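A quick write-up on the structure given underneath.
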Amino acid sequence: MLKREKKYTYFEAGEGTPIIVLHGLMGGLSNFGSLADFFPTKGYKVVIPELPLYTQNILKTNVKAFSKYVKDFIVSKGFDQVILVGNSLGGHIALYFTKMYPELVKGLVITGSSGLYESGMGESYPKRGDYEYIKKKSEDVFYNPEIATKEIVDEVFATVNDRIKLIKTLTIAKSAIRHNMAKDLPKMTTPTCIIWGKNDKVTPPEVAEEFDKLLPNSELFWIDKCGHAAMMEHPDEFNRVLFDWLQKNKI
């Protein structure tokens, strides 16, 4: 299903206004499977690039460099304006991108986004060899711990036990703290849809409220019994909220 062009690997489906989806630090393209099925049936093109979180030079392993990577990707695809959807670190990259290149963004959608508040992933790493600990950490991402399948836990465990990936993960986490968006948000007028899990332990609900308060043109939607990855835990509700918002704002 993945396409490869130049230095980019990505998923693409549908025709219409492009929705560019940005995944998080421990998240893969598959996290957005439901969104990728739904929106092409509604007149949108869904494009999910693989972000080079672990493949770029360490000096390019930061929020700013990833935003530039997304800009180059969008230009290479020939898109004029896009809708950006980002979860977790992907939300942070989407926010930074929108600050830098507002003319390219028709609408911004963030869910469980970093950028204002970073709960320390860092402190958990001394226990990286402890599978049960990583399992618990992975389950904490969701309201329903059963969503953290063995496959998901195994992937996180492999990532934190790979020395190079671990160094890059910590580098990205530090970059997220450095690129705090609080001062930038009041100047960002792009229409923004904030979709948040009411039970998010990673970026708690007050973070969503703060985003909503600081962004001048935002709307906040809650999903109940939901953790840090609403598009995985309540995919149908996530799609409905997002589609209704896009329709209402004629995006």
Side-chain angles (χ1 to χ4, degrees), residues 1-41 44-98 100-101 104-105 108-114 138 141 149 151-173 175-176 229 231-232 235 239:
M1 293 293 282
L2 293 181
K3 296 186 174 183
R4 287 181 173 78
E5 270 171 33
K6 301 178 195 153
K7 63 179 180 178
Y8 306 109
T9 302
Y10 62 96
F11 168 89
E12 184 176 59
E15 289 303 325
T17 304
I19 296 178
I20 308 282
V21 180
L22 304 179
H23 60 81
L25 190 55
M26 297 289 176
L29 278 57
S30 61
N31 296 12
F32 294 90
S34 171
L35 185 149
D37 289 339
F38 177 82
F39 280 93
T41 69
Y44 293 91
K45 179 192 280 288
V46 173
V47 186
I48 314 178
E50 256 180 20
L51 297 173
L53 303 184
Y54 301 119
T55 53
Q56 295 205 133
N57 175 303
I58 196 88
L59 296 173
K60 288 188 173 177
T61 302
N62 57 61
V63 170
K64 184 178 179 182
F66 297 144
S67 300
K68 174 78 167 64
Y69 180 91
V70 174
K71 156 115 182 328
D72 293 345
F73 174 69
I74 286 169
V75 168
S76 84
K77 291 292 295 171
F79 298 145
D80 291 333
Q81 278 197 312
V82 302
I83 297 156
L84 276 184
V85 178
N87 171 237
S88 203
L89 173 73
H92 198 163
I93 295 166
L95 284 157
Y96 195 88
F97 181 100
T98 304
M100 298 301 291
Y101 317 107
L104 294 177
V105 188
L108 171 64
V109 185
I110 55 173
T111 178
S113 178
S114 57
S138 301
V141 169
T149 58
E151 188 186 5
I152 287 173
V153 178
D154 286 352
E155 204 173 313
V156 175
F157 187 72
T159 299
V160 299
N161 280 286
D162 177 317
R163 192 173 159 274
I164 300 297
K165 284 187 176 177
L166 175 65
I167 290 167
K168 291 199 167 180
T169 298
L170 292 172
T171 303
I172 292 165
S175 154
M231 70 288 162
M232 288 175 75
N239 290 340

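Remember, predicted model here, so these are calculated numbers, not experimental data. All residue numbers in this chain count up from 1 along the given sequence.
Between A13 and P40, the shortest heavy-atom distance links the atoms O-CG, 3.8 Å. Considering all non-hydrogen atoms of both residues, V85 and L35 come closest at CG1-CD1, 4.5 Å. The shortest non-hydrogen separation linking L22 to F32 is O-CZ, 4.1 Å. Annotation for M231 and P235: closest pair O-CB, 3.3 Å, computed over non-hydrogen atoms. Heavy atoms only, all atoms of each residue included: K6 and S76 are closest at NZ-CB, 3.8 Å. Of all heavy-atom pairs between K168 and L53, the closest is CD-O, 3.9 Å.
Test I110, I172, V63 against H92 for side-chain contact (heavy atoms from CB on, under 4.5 Å) and you get one pass: V63. Screening I93, L104, V105 for a side-chain contact (heavy atoms from CB on, under 4.5 Å) involving T98 leaves a single residue, V105.
Between T169 atom OG1 and L25 atom CG the span is 5.0 Å, to the nearest 0.5 Å. Distance check, rounded to the nearest 0.5 Å: CD1 of I164 to OG1 of T55 gives 12.5 Å. Taking OH of Y69 as the reference point, atom NZ of K7 lies at 6.5 Å (rounded to 0.5 Å). Taking CD from E50 and CZ from F73, the interatomic distance works out to 10.5 Å, rounded to the nearest 0.5 Å. Rounded to the nearest 0.5 angstrom, I20 CD1 and I74 CD1 are separated by 4.5 Å. From F157, atom CZ reaches atom OG of S138 across 10.5 Å, with rounding to the nearest 0.5 Å.
Defined by atom type and a distance below 3.5 Å, a donor-acceptor pair is present between the side-chain atoms of K77 and Y10.
Cation-pi contact between K165 and Y54: present, with separation from the ring centre below 6.0 Å and deviation from the ring axis of at most 45°.
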side-chain contact (heavy atoms from CB on, under 4.5 Å) between Y8 and D72: does it pass, once the steps are laid out? CA-CA 10 Å; Y8 306 109; D72 293 345; 3.2 Å; yes
Please test V153 against V156 for side-chain contact (heavy atoms from CB on, under 4.5 Å), starting from the C-alpha separation and ending with a verdict. CA-CA 5 Å; V153 178; V156 175; 5.9 Å; no
Yes or no on side-chain contact (heavy atoms from CB on, under 4.5 Å) for Y101 and K68, after CA distance, side-chain angles and deciding distance? CA-CA 10 Å; Y101 317 107; K68 174 78 167 64; 3.8 Å; yes
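Under the 3.5 Å distance criterion, the side-chain polar atoms of T171 are matched with a main-chain donor or acceptor of I167. Listed for the H23 side chain is a donor-acceptor partner under 3.5 Å among the backbone atoms of L51.
Heavy atoms of other residues, nucleotides or ligands lying less than 6.0 angstrom from CG of N57 number more than 12.
F97 has its ring centre no less than 6.0 Å from the ring centre of F66.
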